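Everything numeric in this text was worked out from a predicted model, so none of it was measured. Ligands are counted one by one from 1 in listed order, and the atoms in each one are counted from 1 as well.
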Amino acid sequence: MQLWYYEDYEDGVKLGLAAKEVLFRDKSDFQTVDVIETEAYGRMLLLDGLVMTTDKDEFVYHELISHVPALNHKKPERVVVIGGGDGGTVRELLKHPEIKEIVLCEIDGMVVEVCEKYFPEIAKGIRDPRVKLNIGDGIAYMAEHEANSLDLVVVDSTDPIGPGEGLFSGAFYNSVAKALKSDGLMVCQSEGLWHPPAVLQRIHKNVSAGFAHVYPYIASIPTYPKGTWSWTMASKNAIDVKKFDKARLKKIEATNLKYLNEDLMTGVFALPNFFKAKLKF
Ligand code: AG3
């Protein structure tokens, strides 16, 4: 009998993936952690029943959350990743030779262990000498961080429910803004294009409370709710996203980017009208 896995979006829509087997299933101190071998998308990681990443489409999310802000910063040297325990974001950030140190602050040690075992291609950067793994609470880490000291903060979180909720609050974005230098950038995953307006507006409003300039961008991710996802880059000083560093992109493209190229570095910031209206943007 065929085994199916469903993520229930609770509005009369579900995503169904045919599964070959359950490779791992446990409950950490924070959430349930599942690894499922699917027919169509390879291995899939779920936290509290929500799809976090799959072998086949992870590259879209991880290239976008890391290279878009890194190439819009003149010289990113000191970086913090909050969440991101699968390691995909760190793997992409490590492609930037300018980056000297990445602190990976993941609350759930089980996520790191499981991903190193079942997703070696995604997790391979975690033990790089430039990465400092910190198993702990990202909210406390940012609140206590030295002010004015970081170039880039990447918030690679789950949804704004459960352990990830506080990572979408105005207080958190304020502490990120304080820890960043004046030309520093933050980026966060900011949920799907088809999410209810209230969810998207709250994220947008809270990011805007910490940062004067916000730049949402989007891409298609087939295994995330309703198939199109958004991220939001934010800064204290205005950024011209057309002026990203093309020479550095060329070098990074040579490391085999599967999604991003010169056109898309600005193209991802083109937003449909209904989405802008939802954000009140
Ligand atoms: N971050 C999670 C995106 C949220 C997906 N939401 C959902 N399936 N309901 C992904 C982490 C990858 N490093």
Do the non-hydrogen side-chain atoms of [X] and [Y] ever get within less than 4.5 Å of each other?
| X | Y | answer |
| --- | --- | --- |
| V35 | V114 | yes |
| L15 | Y5 | no |
| D183 | H73 | yes |

Whether [X] lies under 4.0 Å from ligand 1, heavy atom:
| X | value |
| --- | --- |
| G88 | no |
| G87 | no |
| W229 | yes |

What residue and atom, counting heavy atoms only, is the protein's closest point to [atom], and at what distance?
| atom | answer |
| --- | --- |
| atom 11 (C) of ligand 1 | D156 OD1, 3.2 Å |
| atom 5 (C) of ligand 1 | V51 O, 3.4 Å |
| atom 10 (C) of ligand 1 | Y224 OH, 3.1 Å |
| atom 2 (C) of ligand 1 | S157 O, 3.2 Å |
| atom 6 (N) of ligand 1 | D159 OD1, 2.9 Å |
| atom 13 (N) of ligand 1 | D86 OD2, 2.5 Å |

- Message: Strictly distance-based, threshold 3.5 Å: is any side-chain N or O of Q189 a donor or acceptor partner for the main-chain N or O of T158?
- Response: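 Between the backbone of T158 and the side chain of Q189 there is a qualifying donor-acceptor contact (under 3.5 Å).
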- Return yes if a side-chain donor-acceptor contact under 3.5 Å exists between E63 and H67, otherwise no.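 No, H67 and E63 have no side-chain donor paired with an acceptor closer than 3.5 Å.
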- Message: Is the terminal nitrogen or CZ of K276 (NZ for Lys, CZ for Arg) located under 6.0 angstrom from the six-membered ring centre of F274 and within 45° of that ring's axis?
- Response: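 Here K276 fails the 6.0 Å and 45° test against F274.
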- Message: Between R202 and E191 (salt bridge meaning N to carboxylate O under 4.0 Å), is one present in this structure?
- Response: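 Salt bridge absent between R202 and E191.
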- Would R43 and E37 pass as an ion pair if we require N to O under 4.0 Å?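 Looking at E37 together with R43, the answer is yes, because their closest N to O distance falls below 4.0 Å.
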- E58, portion touching ligand 1 at heavy-atom distance under 4.0 Å: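 Within the 4.0 Å criterion, E58 makes no contact with ligand 1.
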- Message: Suppose I only count heavy atoms of H62 and a 4.0 Å limit; which atoms of ligand 1 are within that range?
- Response: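 By the 4.0 Å cutoff, the relevant atoms are 12 (C), 13 (N).
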- Quick check: does Y61 get an N/O under 3.5 Å from an N/O on ligand 1?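 Yes, Y61 has an N/O under 3.5 Å of an N/O on ligand 1.
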- Message: Looking only at distances, can you tell me whether any N or O atom of E7, backbone or side chain, sits closer than 3.5 Å to an N or O atom of ligand 1?
- Response: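 Yes; at least one N/O pair falls below 3.5 Å.
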- Within the 6.0 Å centroid threshold, strictly below: Y61 and Y224: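 Y61 vs Y224: aromatic centres under 6.0 Å.
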